[in-house]
Amino acid sequence: RPDLYVASVTVERRGQEEEDYTRVTDGNSIQEGDAVRVTAVIGNEGAGPVPSDMSFLTSLIRNGTSLGYQTLTGLEAGETKTVTFHYTADKGAQVLKVVTNDILQVISEPDMTNNVLTVQYNAEQVQFADIAVSGLTWSNLNNPDHPTAFTTQDQVIWSAAVENKGDADATFTLTLYVDGQVAAQR
């Protein structure tokens, strides 16, 4: 009976050239937006083969989300095959899990615990939001003839232009302070 296992998982980032990949190590990190190649070696350490007319799937899962699968057909006892996945790195901690024979579990195996191998790396954030506030204006709704003159009893509308000049989306709270006190938030 066959017994599939994930022998190794290698993570690489693409360089300047299409086929220029560098292995990710402690001294060579990934940045968000990098093209990433994951190569996994799948083996059969069982006493019997996966028949040549039988297929099984190997999946790549990143942070709990499937990035796809590769189909492998047949695998002799003692043989290994390689599968490759490509994706674009997100920022932050990346937990990659390669799982073989996980979808439909078409191969009956004595040990399913060796069908998964997990690797981790951190992708450096290189894109940031840059929030700029400009054009702060106010107007007095009680005195339209003198919209910028008001008393403590007048109703005032404050307006500001807010722009993200950075290269990443942002969610933020805009706070208006009057005399050092929070007057409003949006």
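Throughout, numbering of the chain's residues begins at 1 and tracks the sequence.
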Give the cluster check for F85 versus L67: same hydrophobic cluster or not, with ILVMFWY residues linked at side-chain heavy-atom distances below 4.5 Å.
-> yes

Between A183 and V178, which heavy-atom pair has the shortest distance, and what is it?
-> CB-CG2, 3.7 Å

For T71 and S55, the nearest pair of non-hydrogen atoms, with its separation, is CG2-CB, 3.7 Å

Where do V6 and V116 land on the side chain to side chain contact (heavy atoms under 4.5 Å, CB included) test, with the steps shown first?
-> CA-CA 6 Å; V6 181; V116 62; 5.6 Å; no

Step-by-step side-chain hydrogen bond (donor to acceptor under 3.5 Å, both in side chains) determination, T113 to D111 = CA-CA 6 Å; T113 63; D111 181 9; 2.5 Å; yes

Before giving the answer on side chain to side chain contact (heavy atoms under 4.5 Å, CB included), spell out for E163 and S134 the whole-Å C-alpha distance, their side-chain angles and the decisive distance to 0.1 Å.
-> CA-CA 8 Å; E163 178 183 7; S134 63; 5.9 Å; no

Closest heavy-atom pair and its distance - G46, N44 = N-OD1, 2.9 Å

If you measure from CG on L4 to CG on L72, what distance do you get to the nearest 0.5 Å?
-> 9.0 Å

Please answer: with hydrophobic residues joined when any side-chain heavy atoms are less than 4.5 Å apart, are V9 and V95 in the same cluster?
-> no

Any link between Y87 and V99 through a network of hydrophobic side chains (Ile, Leu, Val, Met, Phe, Trp, Tyr) touching at under 4.5 Å?
-> no

Interatomic distance, CD@Q181 vs CG@L176, rounded to 0.5 Å, equals 12.0 Å

Are any side-chain N or O atoms of N164 and backbone N or O atoms of I131, one a donor and one an acceptor, separated by less than 3.5 Å?
-> no

Considering non-hydrogen atoms only, spot the tightest contact between W158 and V156 and give its length.
-> NE1-CG1, 3.7 Å

Is the backbone of T100 close enough, under 3.5 Å, to the side chain of N115 for a donor and an acceptor to pair up by distance?
-> yes

Any donor and acceptor pair, going by atom type alone, linking the side chain of N122 with main-chain N or O of A93 inside 3.5 Å?
-> yes

Within 6.0 Å of NZ in K81, more than 12 heavy atoms from elsewhere | yes

Would you sort out whether V36 and Q94 count as a side chain to side chain contact (heavy atoms under 4.5 Å, CB included), showing the intermediate values?
-> CA-CA 12 Å; V36 177; Q94 307 291 303; over 6 Å; no

T88 side, atom OG1; R13 side, atom CZ - distance, nearest 0.5 Å | 14.0 Å

Can you find a pair of side-chain heavy atoms, one from R62 and one from V38, that are under 4.5 Å apart?
-> no

So how far is it from Q185 CD to T175 OG1, rounded to the nearest 0.5 Å?
-> 4.0 Å

Is the number of heavy atoms from other residues, nucleotides or ligands under 6.0 Å of D169 CG greater than 12?
-> no

About how many Å separate CE of M54 and CD1 of I107, when rounded to the nearest 0.5 Å?
-> 5.0 Å

Kindly work out whether a path of hydrophobic side-chain contacts (I/L/V/M/F/W/Y, heavy atoms less than 4.5 Å apart) joins L96 to I42.
-> yes

Main-chain N/O of G92 paired with E32 side-chain donor or acceptor, under 3.5 Å | no

Would you call V11 and I30 a side-chain contact if the rule is heavy atoms closer than 4.5 Å?
-> yes

Can you name the closest pair of heavy atoms from Q31 and A89 and give their distance?
-> O-CB, 3.7 Å

Do V106 and V83 belong to the same hydrophobic cluster, where Ile, Leu, Val, Met, Phe, Trp and Tyr are linked whenever their side-chain heavy atoms lie under 4.5 Å apart, directly or via other members?
-> yes

So, do R14 and D34 sit near enough that their side-chain heavy atoms are less than 4.5 Å apart?
-> no

Take Y69 and L60 through the side chain to side chain contact (heavy atoms under 4.5 Å, CB included) test and state the conclusion after the steps.
-> CA-CA 6 Å; Y69 61 88; L60 175 63; over 6 Å; no

Heavy atoms of T84 and R37 approach each other most closely as CG2-CG, 3.5 Å

Could you give the distance from OH (Y5) to CE (M112), rounded to the nearest 0.5 Å?
-> 16.0 Å

